[in-house]
Amino acid sequence: MRETAGPLPAYDTKRSRSMGNRLKNTIRDFFQQADLVLLGLCVGATLFGLVLIYSCTRYMDRSDALKMLLVQTVAMGLGILAYFILSMIDTEELIRHWKWFFAFNVGFICLLVPFGRERYGNRAWIQFSWMPMAIQPTEIVKITFILLLAWQFQKVWEREHNLTTFRAAIQPTAHVLFMLGLIFVISKDMGSALVYVGVFLAMALAAGMAWRWFAVGLGGFAGVCLTAYKLDLIPSYMLERFRVVLDHSYDVADAGYQQTRGMLAIGSGGLFGQGLFHGRLTQAGKGVLPFRYTDFIFAVAGEELGLVGCVLILLLEAAIILRCLQVARHAKTPFSSYVCVGVAGTLIFQVLSNVGMCLFVLPVIGLTLPFFSYGGSSLLALYAAMGIVSG
């Protein structure tokens, strides 16, 4: 006969109660400290994006479409968890070990050399057979890059007391140029590399870098581009992406096909759209509206929900950006302020690039619309960044 278990020892009961109290205190601290408005805006934008993704994947095999929805939903759940954890962590204390962060950035991107998978001409993703979704290292590294750059700007300011001198300007500039070179040489992903430039510009402005250095940088960039063009170092497909923006009638069947179809979708939506799940191009077969669930999801919204849907997307993006800038304004330390501005700069650059691409006023550079486009690692990284802002 099996003996019945006796009462638990007193110390086990106390330990259990202690763990329960710690968990309750942690949850209470989260709700007291975390920015729930920011979290609510992010979740609202993601749910809106899930509806659009569901709509524009209905033409696919049902199992593939459901898999994409599942990946995006799981990424949102993991993102909320990351938001919860990172809002409770003192990143300013962690970044004091900046050498480890820098080593992580370089090492993670270098993993693309042996393990990277090529898509659309870029070697920017890592995925093994057992992984449910691909990981884009530049999306993850973008967060630690913002932390490192914010720490660097704060240290330069403490030493120089301004960012007007050449010595003060060159150090963070060298940092971002190194990252640009590393990303482009290894992955050829110019779109992701340019986001790092957007982050740097936003944080440099916030830190008070002298305008003359921006002018010097712009002149240098123009000189490099002109030299590369003269030496025929720029790939032909990049040149064609700029040419189709300047001349919409050029090669509409190939180089300008994506943006021509995107503009057609947006233009056909009118004020209120053709109706959710009823967009003529959105619901058509493969290739009719390319990359509709990633790069051109804004075109999907324009066709099915019209101008009203597009404005709602822009308002949600603007609300998230303004919330980040509001947190930056009231931050206790320059480091925290720079981090918030860096995250806002990321969103501003990506939103302008994606919407400009869909409206055929900017070239295609493969940047998705934050919180709305499909992409597990991108969505997870966005929530993680927002958790740092919230903290």
S.K.: Quick one: side-chain hydrogen bond (donor to acceptor under 3.5 Å, both in side chains) partners of Gln171, sequence neighbours excluded?
M.R.: Arg159

S.K.: Phe214: which residues meet the side-chain contact (heavy atoms from CB on, under 4.5 Å) condition with it, sequence neighbours left out?
M.R.: Leu201, Ala204, Leu205, Met209, Trp211

S.K.: Going by salt bridge (charged side-chain N to carboxylate O under 4.0 Å, His left out), name the pairs with one or both residues in residues 323-339, residues two or more places apart or in two chains.
M.R.: Asp35-Arg323

S.K.: Connecting only ILVMFWY residues whose side-chain heavy atoms lie within less than 4.5 Å of each other, what is the rest of Val308's hydrophobic cluster?
M.R.: Leu271, Phe272, Leu307, Val311, Leu315

S.K.: Quick one: are the ring centres of Phe48 and Phe372 less than 6.0 Å apart?
M.R.: yes

S.K.: Below 3.5 Å, can you tabulate the donor-acceptor pairs from side chains in residues 138-145 to any protein atom, sequence neighbours excluded?
M.R.:
unit_1 : atom_1 : unit_2 : atom_2 : d
Glu139 : OE1    : Lys142 : NZ     : 3.0
Lys142 : NZ     : Gln350 : OE1    : 3.0
Thr144 : OG1    : Asn105 : OD1    : 2.4
Thr144 : OG1    : Val141 : O      : 3.0

S.K.: Which salt bridge (charged side-chain N to carboxylate O under 4.0 Å, His left out) pairs, counting each pair once, include a residue from residues 367-391, with sequence neighbours left out?
M.R.: none

S.K.: Would you please name every residue forming a salt bridge (charged side-chain N to carboxylate O under 4.0 Å, His left out) with Lys155, sequence neighbours left out?
M.R.: Glu158

S.K.: Please name all residues satisfying salt bridge (charged side-chain N to carboxylate O under 4.0 Å, His left out) with Arg96, sequence neighbours left out, ordered by chain then number.
M.R.: Glu93

S.K.: Name all residues meeting the ring pair (Phe, Tyr, Trp, His ring centres under 6.0 Å) criterion together with Phe277; count only those two or more places apart in sequence or in a different chain, and write none if there are none.
M.R.: Tyr54

S.K.: Got a sec, which pairs hit salt bridge (charged side-chain N to carboxylate O under 4.0 Å, His left out) with one end in residues 165-192, sequence neighbours left out?
M.R.: Glu160-Arg167

S.K.: Restricting to side-chain hydrogen bond (donor to acceptor under 3.5 Å, both in side chains), what partner residues turn up for Asp61, sequence neighbours left out?
M.R.: Ser63

S.K.: State which residues pass side-chain hydrogen bond (donor to acceptor under 3.5 Å, both in side chains) with Glu240; sequence neighbours excluded, sorted by chain then number.
M.R.: Tyr250

